[in-house]
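First the proteins, then the strands, lettered A, B, ... as listed; each starts at 1.
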Number of protein chains: 2
Amino acid sequence: MDDLTEMLKGTLEGCVLEIIGSEETYGYAITRRLNELGFTDVIEGTVYTILLRLERNGLVQVTKRPSGVGPPRKFYALNDAGREELAKFWTKWQYLSSRINRLKEGGR
Amino acid sequence: MDDLTEMLKGTLEGCVLEIIGSEETYGYAITRRLNELGFTDVIEGTVYTILLRLERNGLVQVTKRPSGVGPPRKFYALNDAGREELAKFWTKWQYLSSRINRLKEGGR
DNA sequence: TACCGCTATACCGTATCACCAAGTAGCGGA
DNA sequence: TCCGCTACTTGGTGATACGGTATAGCGGTA
């Protein structure tokens, strides 16, 4: 699949929220998860900028834990604001994708 | 619906391509069409920047015609490169939306 | 010991895009 | 004459994903 960069704008952050919401996890693992979900070209740097943004915006709770196989990991979990933001994301996605699919089907 | 700006990145241009592909038309009318399709907050300025980009990238054929009710209109039609780009857009949209919906359904 | 590879995070710069504001301009009606 | 609708252009802004580099812990191996 060629470049999805522009299309991912605004949706990738939501995907990261969803992953964190389903399980407390950390940046490196989130990247691997995205890759296996079909977001094959997403790299660590991109995910970390999103995570720092989520933290800065107060949507996540962060816990640092030692790893045993490398440097310590920063685990992320959604707080109430994060869950609310995630719900809003899915509402927007639902809205947008329905409009676009309607347009695709000959848009009326 | 609150702000869809970020989510529209990469998809709005595709929507404009689709509209032009279905009928030769001009900027002002495209904006009205998008509005009635549910992209309620999209304004003229945004559409014109997309149209200029499409022209610059050689995806459209442009014809200026007098209007009778105002300044002349610039009508846009897809050329071969534009039709190819449109096909690519729908392929990417299909790919991305299927991955995101899978993630939404509990991502496997 | 030295090096490599995997894990793991941070930071800085870049490109792209949708958006916004202001300007120009044609036309018809009050 | 002014206003409103139509219609396009241009310059600047903010948000986002991405790329590259740096730092660092750990285990294996030559």
Side-chain angles (χ1 to χ4, degrees), chain A residues 1-17 25-35 39-57 59-60 62-76 85 89 92 96 99-100, chain B residues 1-17 25-35 39-57 59-60 62-76 85 89 92 96 99-100:
Chain A
M1 176 59 48
D2 48 46
D3 196 27
L4 290 179
T5 300
E6 290 307 324
M7 253 186 215
L8 283 175
K9 292 196 178 168
T11 58
L12 192 55
E13 179 179 312
C15 293
V16 170
L17 277 173
T25 180
Y26 57 99
Y28 191 80
I30 293 170
T31 310
R32 292 292 90 77
R33 184 97 187 86
L34 285 168
N35 293 154
F39 304 91
T40 52
D41 295 340
V42 175
I43 60 177
E44 285 84 358
T46 300
V47 174
Y48 289 122
T49 56
I50 291 174
L51 291 172
L52 292 173
R53 190 162 70 233
L54 296 179
E55 190 176 355
R56 176 161 34 87
N57 294 345
L59 303 176
V60 289
V62 188
T63 314
K64 194 173 245 179
R65 299 209 187 91
S67 154
V69 298
R73 298 164 174 164
K74 282 178 71 177
F75 282 81
Y76 292 83
E85 186 66 25
F89 166 71
K92 290 205 278 187
L96 179 67
R99 308 293 141 147
I100 291 181
Chain B
M1 175 59 48
D2 47 50
D3 196 28
L4 290 178
T5 300
E6 291 308 321
M7 248 186 218
L8 283 175
K9 299 219 173 141
T11 59
L12 191 56
E13 179 179 313
C15 294
V16 170
L17 278 173
T25 181
Y26 56 99
Y28 191 81
I30 293 170
T31 308
R32 293 291 90 80
R33 183 98 186 86
L34 285 168
N35 293 154
F39 304 92
T40 53
D41 295 339
V42 175
I43 60 176
E44 284 85 0
T46 301
V47 174
Y48 289 122
T49 56
I50 291 174
L51 292 172
L52 291 173
R53 191 162 69 232
L54 295 179
E55 189 175 358
R56 178 159 35 87
N57 294 344
L59 304 176
V60 289
V62 187
T63 314
K64 194 174 247 180
R65 299 209 187 92
S67 154
V69 298
R73 298 165 174 161
K74 282 178 71 178
F75 282 81
Y76 293 82
E85 186 65 25
F89 166 72
K92 291 205 278 187
L96 180 65
R99 307 295 141 147
I100 290 181

Just how far is it from atom [atom1] of [X] to atom [atom2] of [Y], taken to the nearest 0.5 Å?
| X | Y | atom1 | atom2 | result |
| --- | --- | --- | --- | --- |
| Ile100(B) | Leu12(A) | CD1 | CG | 8.5 Å |
| Met7(B) | Thr11(B) | CE | OG1 | 9.5 Å |
| Tyr48(A) | Tyr28(A) | OH | OH | 8.0 Å |

[X] [atom1] to [N] [atom2]: how many Å, rounded?
| X | N | atom1 | atom2 | value |
| --- | --- | --- | --- | --- |
| Met7(A) | dA15(D) | CE | P | 23 Å |
| Leu17(A) | dT16(D) | CG | P | 12 Å |
| Leu8(B) | dG14(D) | CG | P | 20 Å |
| Arg56(A) | dC11(C) | CZ | C1' | 13 Å |
| Ile50(B) | dC20(C) | CD1 | P | 13 Å |
| Ile43(A) | dA10(C) | CD1 | P | 15 Å |
| Leu34(B) | dA18(C) | CG | P | 11 Å |
| Asp2(A) | dC18(D) | CG | P | 14 Å |

Determine the contact category for [X]: base if any of its heavy atoms lies under 4.0 Å from a base atom, sugar-phosphate if only primed atoms, P, OP1 or OP2 are that close, otherwise nothing.
| X | answer |
| --- | --- |
| Leu51(A) | nothing |
| Glu44(B) | nothing |
| Pro66(A) | nothing |
| Ser67(A) | sugar-phosphate |

Just N and O in the side chain of [X]: are any of them under 4.0 Å from OP1 or OP2 of [N]?
| X | N | value |
| --- | --- | --- |
| Lys74(B) | dT9(D) | yes |
| Thr46(B) | dC19(C) | yes |
| Thr49(B) | dA18(C) | no |
| Tyr48(A) | dT9(C) | yes |
| Arg73(A) | dG25(D) | no |

*Run the numbers on Glu44(B) and Arg32(B) for salt bridge (Lys or Arg N to Asp or Glu O under 4.0 Å), then give the verdict.*
CA-CA 9 Å; Glu44(B) 284 85 0; Arg32(B) 293 291 90 80; 2.9 Å; yes
*Closer to the 5' end of DNA chain C via nearest nucleotide, is it Gly68(B) or Pro72(A)?*
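Residue closer to the 5' terminus by nearest nucleotide: Pro72(A).
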_Nearest heavy atom decides the nucleotide; on that basis, is Val69(A) or Leu12(A) closer to the 5' end of DNA chain D?_
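It is Leu12(A) whose nearest nucleotide is closer to the 5' end.
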*Per the atom types in the model, does the base of dT16(C) pair as donor or acceptor with the side chain of Lys9(A) at under 3.5 Å?*
yes
*asked:* Please give me the minimum heavy-atom distance between Lys64(A) and Pro72(A), naming the atom from each residue.
replied: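 Reported closest heavy-atom pair: CG-CB, 4.0 Å.
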From the set [options], return the single nucleotide nearest to any side-chain atom of [X].
| X | options | result |
| --- | --- | --- |
| Arg53(B) | dT16(D), dC18(D), dA18(C) | dA18(C) |
| Tyr28(A) | dA10(C), dT7(C), dT16(D) | dT7(C) |
| Thr5(B) | dC19(C), dA17(D), dT9(D) | dC19(C) |

*Is there a side-chain contact between Thr46(B) and Leu34(B) (heavy atoms, below 4.5 Å)?*
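Of all side-chain heavy-atom pairs linking Leu34(B) with Thr46(B), none is under 4.5 Å.
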